[in-house]
Amino acid sequence: MSNKIQAIRGMNDLLPEQSPVWQYFERQIQHLMQRYGYSEIRMPIIEQTALFKRSIGEVTDIVEKEMYTFDDRNGDSLTLRPEGTASCVRAALENGLLYNQTQRLWYQGPMFRHERPQKGRYRQFHQVGVEAYGMYGPDIDVEMILLSARLWEALGLMPHVQLELNSLGSNEARAAYRDALVAHFEAHSDVLDEDSRRRLSTNPLRILDSKNPDMAAMLADAPRLMDHLDEESRVHFAELTAMLEAAGIDYVINPRLVRGLDYYSRTVFEWTTQALGSQGTVCAGGRYDGLVEQLGGKPTPGVGFAMGVERLILLLETLDLIPEAARPRTDVYLTAMGDAASREAMLLGERLRDAVPGMHLQLHCGGGSFKSQIKKADKSGARMALLLGEDELASGQVGIKFLREDRDQESVALDALAARLKTLLAEA
RNA sequence: GUGGAUGUAGCUCAGUGGUAGAGCCCCGGAUUGUGGCUCCGGUGGUCGUGGGUUCGAUCCCCAUCAUCCACCCCA
């Protein structure tokens with residue numbers, strides 16, 4: 001055991017039993033994105049370290065202590081991407097996708113953060129990200145929320161998730177609010193815990209997030225971001241909530257909702273669930289109007305969000321929401337008794353796959369008794385087993401045995417087999 | 001990164017200071033070529049890893065790795 005090589009901590013294998021569930025989820029995503037007119041973009045999973053430092057923010061937890069950063073053979077500092085937005089903006093800029101045009105993009109793939117693993121939190125995890133560029137109005141913010149809501153609806157998750165909203169205001173308004181907040185905290189510094197004191201100089205907004213009950217009263221009295229919004233952001237947010245109400249989307253305004261990445265401004269939102277314990281955020285995002293410029297582009301507004309695939313799949317499993325149709329099926333299991341029949345079965349299998357393209361046919365390999373082959377046919381989940389032995393070979397017939405229905409075994413001539421199978425498959 | 005719990009067969013778990021068991025799974029047989037039920041038999045474990053205490057450790061102690069829970073963070 002000790003000399004066996006193990007997977008890296010917090011990085012998981014996706015096993016055969018699990019992959020159909022992921023594929024089901026991915027199909028839903030692809031379908032959804034097409035319906036809303038979003039195009040897929042794929043970026044490298046490694047970028048220059050500076051990209052993340054500049055976008056996410058030097059003093060955020062992600063950059064300070066969670067990135068997989070290393071020097072490559074040239075001595076350049078590279079980082080395994082901890083999130084997708086920065087790469088997406090970089091790729092869009094680099095390829096001219098933002099030049100005098102709007103974009104609706106999505107992507108999917110692994111992200112890496114060196115955190116302590118827990119259920120729903122892994123060092124390699126997967127996100128589906130959705131980003132839109134070039135649109136200032138709240139309509140695109142609303143579209144993003146509606147799009148995500150439609151996904152919950154399709155997956156059956158809607159009753160189990162809740163939408164939380166907030167506005168961070170413009171960068172100037174947030175800076176002013178930050179000063180007011182720091183003043184409030186400094187006036188009550190006796191109540192601040194150690195974490196919060198540290199954050200006072202780095203990221204005071206995060207103190208609002210604290211779950212420490214000793215600080216609850218002081219936090220309740222803290223100035224509210226909503227009261228410090230600039231006029232433009234206030235109107236933007238008001239229009240956003242009005243449109244959500246018109247669309248019938250329930251939401252809760254959470255004035256303490258802030259984001260761990262520095263690039264956000266104005267709208268921020270989170271979909272959360274109670275069903276996953278402490279890793280209950282299943283989807284989160286917001287507006288980042290300053291990021292494109294910060295990364296060297298012309299001022300271009302952006303909105304986006306990311307979903308945690310592991311968390312969503314965990315949620316689907318916890319709530320038993322994986323539809324039966326998501327599982328792969330086998331229609332036919334082809335058995336063969338004896339060497340001659342085995343050779344013939346291989347060819348027969350290919351001919352049947354040509355003739356009946358929609359059929360899922362599994363060929364028995366590896367010999368064994370008839371009994372054990374039929375046992376395997378049963379285990380495969382196939383509806384029927386095709387039986388090919390010496391008798392059948394001699395008479396040019398194949399046996400069709402029904403494994404899930406009370407029905408007589410059939411004997412069909414080889415040249416009529418494909419047609420018979422088509423008919424049988426059409427029954428279901 | 002902090003605190004706590006757990007780690008025994010592929011899976012779910014019993015168990016004891018004298019080097020291990022059940023159920024499920026898997027394989028074979030009862031039924032010379034016919035699954036699901038039943039019965040019988042079998043494969044499979046350096047008891048997470050490395051040290052220590054002991055005549056002797058899977059059990060006690062320490063360390064380490066991994067998983068889980070909470071904090072933290074976030075998707």
Side-chain angles (χ1 to χ4, degrees), chain A residues 1-12 15 17 56 60-66 82-85 108-130 148 193-196 198-199 203 206-207 209-213 257-261 269-273 276-285 304-315 333 335-338 341 364 366 368-393 399-406 408-409:
Chain A
M1 281 299 205
S2 61
N3 58 2
K4 273 194 184 149
I5 295 174
Q6 292 177 291
I8 308 293
R9 177 156 145 101
M11 307 203 179
N12 304 116
L15 300 177
E17 201 187 347
I56 298 170
T60 57
D61 281 9
I62 292 179
V63 170
E64 272 185 339
K65 45 194 186 194
E66 295 177 0
E83 58 109 34
T85 300
Q108 173 191 41
M111 308 292 164
F112 302 84
R113 291 183 201 171
H114 191 105
E115 298 184 90
R116 183 129 165 197
Q118 205 174 312
K119 184 188 285 187
R121 182 170 84 180
Y122 308 102
R123 290 185 174 180
Q124 176 178 328
F125 62 104
H126 295 75
Q127 286 187 342
V128 170
V130 184
S148 53
D193 58 26
E194 195 184 329
D195 265 352
S196 301
R198 183 174 51 78
R199 289 199 195 116
N203 197 346
R206 285 232 73 97
I207 300 177
D209 248 359
S210 172
K211 290 172 194 158
N212 186 340
L257 181 65
V258 294
R259 315 261 62 237
L261 297 82
F269 66 92
E270 248 178 49
W271 290 93
T272 59
T273 179
L276 289 182
S278 63
Q279 308 303 323
T281 300
V282 116
C283 172
F305 69 89
M307 296 177 260
V309 179
E310 280 84 356
R311 287 181 189 179
L312 283 166
I313 283 174
L314 208 53
L315 191 56
Y333 191 96
T335 67
M337 198 52 188
H364 178 85
S369 66
F370 229 119
K371 185 193 180 83
S372 67
Q373 292 194 28
I374 287 171
K375 231 176 199 172
K376 289 233 169 66
D378 181 42
K379 290 263 157 55
S380 78
R383 179 176 164 219
M384 42 200 150
L386 297 185
L387 313 180
L388 187 66
E390 284 167 22
D391 297 350
E392 287 78 7
L393 220 48
I400 302 180
K401 180 183 174 66
F402 295 91
L403 299 168
R404 326 267 149 216
E405 357 177 11
D406 187 15
D408 288 340
Q409 189 167 319

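Just the heavy atoms: all of them, side chains too, but no hydrogens, waters or symmetry mates, feed the values below. Fair warning: this is a prediction, and the values are worked out from it, not measured in the lab.
- Under the Watson-Crick and G-U wobble criteria, each requiring two contacts below 3.5 Å, nucleotide B:C47 is left unpaired.
- Separating the CZ atom in A:Arg113 from the CZ atom in A:Arg123 is a distance of 13.5 Å, to the nearest 0.5 Å.
- Closest to the A:Lys376 side chain, of the nucleotides B:G33, B:C27, B:G36, is B:C27.
- When the P atom is compared between B:C13 and B:G18, the two are found 25 Å apart, to the nearest whole Å.
- Of the candidates B:G33, B:C74, B:G36, B:C74 carries the atom nearest the A:Arg113 side chain, counting heavy atoms from C-beta on.
- When distances are taken from the side chain of A:Arg116 to each of B:A75, B:U34, B:C68, the shortest belongs to B:C68.
- Base engagement by A:Phe402 is indicated by at least one non-hydrogen atom pair under 4.0 Å involving a base atom.
- Here CD of A:Glu115 is found 10.0 Å from NZ of A:Lys65. Values are rounded to the nearest 0.5 Å.
- Separating the P atom of B:C59 from that of B:U6 is a span of 15 Å, rounded to the nearest Å.
- Using the Watson-Crick or G-U wobble rule with both distances under 3.5 Å, B:U16 pairs with nothing in any strand shown.
- The shortest side-chain heavy-atom distance between A:Pro110 and A:His126 falls under the 4.5 Å cut-off.
- The listed nucleotides are B:C26, B:A70, B:U34; the one nearest the side chain of A:Lys379 is B:C26.
- Under the Watson-Crick or G-U wobble criterion, with both distances below 3.5 Å, B:C39 is paired with B:G29.
- For a distance-only test at 3.5 Å, the side chain of A:Arg9 fails to qualify as a donor-acceptor partner of the base of B:U67.
- Under 3.5 Å, the side chain of A:Arg311 and the base of B:C74 form at least one donor-acceptor pair of N or O atoms.
- Remark: the separation of the P atoms in B:U43 and B:C27 is 16 Å, to the nearest Å.
- Shown here, B:C24 forms a base pair with B:G10; the pair counts as Watson-Crick or G-U wobble because both key distances fall under 3.5 Å.
- One finds a side-chain N or O of A:Gln118 lying less than 4.0 angstrom from the OP1 or OP2 phosphate oxygen of B:A70.
- A sub-4.0 Å separation between OP1 or OP2 of B:A75 and a side-chain N or O of A:Arg259 is present.
- The gap from the P atom of B:C25 to that of B:G36 amounts to 11 Å, rounded to the nearest Å.
- Taking a pair to require two hydrogen-bonding distances under 3.5 Å in either a Watson-Crick or a G-U wobble arrangement, B:U2 pairs with B:A70.
- Taking atom C1' on both B:U58 and B:C68, the two are 22 Å apart, rounded to the nearest angstrom.
- Of all nucleotides listed (B:G33, B:C74, B:G28), B:G28 comes nearest to the side chain of A:Ser372.
- At B:G36, none of the side-chain N or O atoms of A:Arg404 fall inside 4.0 Å of OP1 or OP2 (strictly under the cut-off).
- Applying the 4.0 Å criterion to OP1 and OP2 of B:C74, one finds that A:Thr281 has every side-chain N and O outside that range.
- One C1' atom belongs to B:G1, the other to B:G44, and the distance between them is 41 Å to the nearest Å.
- Looking at the side chain of A:Gln127, the nearest of the listed nucleotides B:C72, B:G33, B:A75 is B:A75.
- Applying the 3.5 Å distance criterion, the base of B:G1 shares no donor-acceptor pair with the side chain of A:Glu66.
- At the heavy-atom level, A:Lys375 lies under 4.0 Å from the strands shown only through sugar-phosphate atoms.
- Regarding contacts with the backbone of B:U34, every side-chain N or O of A:Thr335 stays at 4.0 angstrom or more from both OP1 and OP2.
- B:U12 and B:C26 have their C1' atoms separated by 16 Å, with the value rounded to a whole Å.
- Contact between the side-chain N/O atoms of A:Arg206 and the OP1/OP2 oxygens of B:C74 is found at a separation under 4.0 Å.
- An OP1 or OP2 oxygen of B:U34 is reached within less than 4.0 angstrom by no side-chain nitrogen or oxygen of A:Lys401.
- At the phosphate of B:C69, OP1 or OP2 sits under 4.0 Å from a side-chain N or O atom of A:Lys119.
- Rounded to an integer number of Å, the gap from CD1 of A:Ile8 to P of B:C65 is 13 Å.
- Taking the nucleotide of RNA chain B with the nearest heavy atom to each of A:His114 and A:Cys283, the more 5' of the two is matched to A:His114.
- Taking atom P on both B:G42 and B:G50, the two are 31 Å apart, rounded to the nearest angstrom.
- Below the 3.5 angstrom threshold, one finds a donor paired with an acceptor across the side chain of A:Gln409 and the base of B:U34.
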